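Step one of this worksheet: look at the structure below.
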Amino acid sequence: MEGRVGPDADVAALAQLVRGAAPVVALTGAGISVPSGIPDFRSPGSGMWENVNPMEVAHIDAWRADPARFWSFYAERFQTLGDKRPNGAHQALAELERRGLLSAVITQNIDMLHRKAGTQTLVEVHGSIASSSCLSCGARFSLDDVVELLRGADGGLPACDCGQPLKPDVVLFGEYLPPEPLGRAMRYASDAGLLLCVGSSLEVFPVAQLPGVTLANGGAVAIVTQGPTAWDDRAAVKLSGDVEDELQALAAAL
Ligand code: ZN
């Protein structure tokens with residue numbers, strides 16, 4: 001296809017970058033899970049966030065002030081997310097890892113879809129719904145256990161054996177990011193020969209900083225995201241099509 005321009009040429013250019021760079025690290029955001037039926041709450045009028053302000057209901061102060069009320073909202077989110085399946089974009093990244101072309105996935109998403117797709121080396125910088133913890137005694141409960149507790153008595157408030165309410169192991173608004181995954185994300189970004197940013201507007205800390213970390217250490221940045229990002233000018237390749245189509249085309253081109 002010598003001399004062709006357009007979407008196919010962009011995918012070919014990205015494939016060339018992936019082949020030539022090591023290690024390749026993916027950085028994913030809400031956009032990769034939209035084809036799985038998980039709306040990006042930053043898009044107005046999307047699904048379950050329509051009638052609430054997530055920055056109020058999913059705030060650590062809301063959990064502290066009234067854990068039962070917090071869980072009455074959050075239980076629905078657990079239920080909704082727990083049933084979702086990974087899509088072709090998650091699967092393409094898992095395939096690239098199996099083929100030795102991708103070293104790690106860093107994600108902002110809490111939906112467990114990279115795990116379900118089979119990604120092994122995964123950094124979930126905002127935690128995930130896979131578990132909930134007791135902040136009092138440190139006991140940890142799996143998603144299945146929490147769903148079971150939610151079905152039980154006590155007004156739907158999942159509580160630890162010690163009596164304290166559980167908190168999902170996700171970073172709520174108003175909370176600091178846990179240092180361990182953040183440190184791992186920084187190391188992967190700084191070591192990356194190519195940071196492949198997928199489905200993220202790259203606006204939220206820490207992912208907003210990670211492309212700069214890669215570039216400062218001599219790596220390249222590629223972006224597969226609909227809509228503009230602050231890093232478009234510095235990206236070696238920018239693909240703006242449907243995230244599933246683009247990543248499946250990439251996997252096929254490699
Ligand atoms: Zn406890």
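Nothing here was measured: the structure is a model prediction, and the numbers come from that model. These numbers come from the heavy atoms of this one structure, side chains and all, not from hydrogens, waters or symmetry mates. As the structure lists them, so they are numbered: ligands from 1, and atoms in each ligand from 1.
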Any salt bridge linking E95 with R98? Criterion: basic side-chain nitrogen under 4.0 Å from a carboxylate oxygen.
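R98 and E95: not salt-bridged.
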Do the charged groups of E175 and K167 touch, with an N to O distance under 4.0 Å?
yes
Under the side-chain hydrogen bond (donor to acceptor under 3.5 Å, both in side chains) test, which residues partner N87, sequence neighbours left out?
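Result, side-chain hydrogen bond (donor to acceptor under 3.5 Å, both in side chains) vs N87: S36, H90.
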Around the Zn ion (ligand 1), how many protein N/O/S atoms fall inside 2.8 Å?
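Of the protein's nitrogen, oxygen and sulfur atoms, 4 lie under 2.8 Å from the Zn ion (ligand 1).
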Between L135 and L166, is any pair of side-chain heavy atoms under 4.5 Å apart?
no
Using links of under 4.5 Å between side-chain heavy atoms of ILVMFWY residues, direct or through other members, which residues join Y176 in one cluster?
none
Which donor-acceptor pairs under 3.5 Å do side chains of residues 219-228 form with protein atoms, sequence neighbours excluded?
residue : atom : partner : partner atom : Å
T225    : OG1  : G199    : N            : 3.1
T225    : OG1  : S200    : N            : 3.2
T225    : OG1  : S200    : O            : 3.3

